[in-house]
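Note sheet for the following structure.
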Amino acid sequence: MIELNLTKKLGTKEHAFSITLDTTIQKGEFVVLYGKSGAGKTSILRLISGLLKPDDGYISYEGIPWYSSEGKVNLPPKKRDVGLVFQDYALFQNMTVKENLQFAARTAGEKSQIENLIALVELTDLKDRLPSSLSGGQQQRVALARALVQQPQILLLDEPLSALDTNIRSKLQDYILKTHRQLGLTTILVTHEWGEIHKLADRVLVIDQGRISREGKPEEIFAGHQISGKFSFPGIITAIENQDVVSVVSVKVGNQIVKVISDIDQSDDLKPGDHVMVAAKAFSPVIYKLE
Amino acid sequence: MNWEPLILSFELAFITTMILLVISLPISYWLAYSNSRIKPIVETLVSMPLVLPPTVLGFYFLLAFSPTNGVGAWLESVLGIQLVFSFPGLVVASLVYSLPFMVHPLQSGLSTIPQSTREASFVLGNSRVRTLFRVLLPNIKPSLLTGIVLSFAHTIGEFGVVLMIGGNIPGKTRVASIAIYDEVEALNYDNANYYSLILFTITFLILLSVYLVNRNYQKQYFK
């Protein structure tokens, strides 16, 4: 269990804001930090990993204080049980894939796991290549594997998939979920990506101006209210056609385009590109057997 | 022709460059990553030798290190070193004179490395020193090479500072650049020409090799 209760002033004189956190993250939980750019999500990861020192408060893991302003404790990053994957991957460009992982290993036991980790992220064929010769997705997997070398209990991911295209992203989401479950990690992920949240998160913390403005399960947060419906799917609006009294909103759900009727007043708020939830409240679904 | 001034020049440049490399690493690291308020002042001081006439530096060294002055007297009585009109004095003056040529390339090289690279190393449990030698320096090899070569070449090209603090003592402080001046004054144009040609050729070759090596390095890492 990670307990966070802290404040930290950030920013410049003209644009100052502060992070105020008071929350608990359970062991094994997959938490997403969601919010606008500059809301303080990355800073929260930096505070937890020890790269940034809070002004006040405490951070503890399983009852052991990592930071405590009262107890004058501030463990350096290396003493905290965290693996961190940066948005730009932060691979060591002078080292090959394998050397990047070896550089992270502190003990013989960790060294012996390196081949397994490389196999886990399917990079065995590329292990002697330099990072600059790899694609974004491959570099991301190296970064993930490197963060796992020290077998951390907590995995912190800072928008690791934002620069990748949809197919690779989906595959890497599977990787992350697989390692999260296999290794029993507690994972905190920063992302804007809506589908990612639905796929991965147990709980979402919405961060606004350095504070948790809302929290809950993904569907609670993004549907605005609990729908008692039978079906709900996240999607993206591709087009809106205004007819006489209603609008026809085309929504891409998975690989299909679904047309949904909406009244014109409501569709005024919507525009192509918006993330929406398509939910059905009262109807009887029909089942076809797929041959 | 007397080879002594040339050998002295290269000896001075070599020693200066080696010492500069050691003292510039912490200075550049601090300049690249610190947010301290006094950073602009330190940056200015490091860059001063770029714009100040070398004679100004030489003049103040001469005053400071003169045995009649406090610092010079202390050095001579306690450490037994005389810095005025001596080779060690030339080294000290050259260190200050060539400092920006080592610090600037290192500083700009270090600051091009993303913050996250350093932090990734810290989170993985590495100290600043280990991070510097294993992660940062290997990634700024072109800057290191540029710093070393520019400091070396610039020290060879030193004239004003050397003349002021070193004088013109054969075998001790008469380096190649001074020797050329001397020969011209004595109307020995042939000798002056030999020295000049040798300096010209050697510095050309040194700089050329740096550009070639850096080009290959870039090809290797940034295809």
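Lettering follows sequence order; numbering is per chain, from 1. The model shown is predicted, which means the values in this text are computed figures rather than measured ones.
- In terms of the salt bridge (charged side-chain N to carboxylate O under 4.0 Å, His left out) criterion, B/R118 has no residue partners (sequence neighbours excluded).
- Shown here is B/W3, whose CH2 atom has no more than 12 heavy atoms of other residues, nucleotides or ligands within 6.0 Å.
- Atom CZ of B/F159 has more than 12 neighbouring heavy atoms from other residues, nucleotides or ligands inside a 6.0 Å radius.
- Within a 6.0 Å sphere centred on CZ of B/R130, other residues, nucleotides and ligands contribute more than 12 heavy atoms.
- Atom CE of B/M48 sits in a sparse spot, with 12 or fewer heavy atoms from other residues, nucleotides or ligands closer than 6.0 Å.
- B/V123 places none of its side-chain heavy atoms less than 4.5 Å from the side chain of A/R80.
- Considering only heavy atoms from C-beta on, B/L124 comes within 4.5 Å of A/Q150 through its side chain.
- Here CE of A/M95 is found 8.0 Å from CG of B/N139. Values are rounded to the nearest 0.5 Å.
- There is no contact between B/S127 and chain A, counting heavy-atom distances below 4.5 Å.
- A heavy-atom distance below 4.5 Å is found between the side chains of A/F86 and B/E119.
- Counting non-hydrogen atoms of neighbouring residues, nucleotides and ligands closer than 6.0 angstrom, the OH atom of A/Y175 exceeds 12 such neighbours.
- The structure places CZ of A/F92 at 6.5 Å from CG of B/N126, a figure rounded to the nearest 0.5 Å.
- Close approach to chain B, defined as a heavy atom under 4.5 Å from one of its heavy atoms, is seen in A/R46, A/L51 of residues 25-54 of chain A, taken by number.
- Here the side chains of A/F103 and B/V135 are in contact, with some heavy-atom distance below 4.5 Å.
- Counting heavy-atom neighbours within 6.0 Å of B/Y33 OH, excluding the residue itself, gives a total above 12.
- Taking a 6.0 Å sphere around OH of B/Y194, one finds it holds 12 or fewer heavy atoms contributed by other residues, nucleotides or ligands.
- Rounding to the nearest 0.5 Å gives a distance of 9.5 Å between CD of A/Q93 and CD1 of B/I113.
- The main-chain N or O of B/R134 is found under 3.5 Å from a side-chain atom of A/N94 such that the two form a donor-acceptor pair.
- Between B/G125 and A/K78, the closest heavy-atom pair is CA-CB, 3.0 Å.
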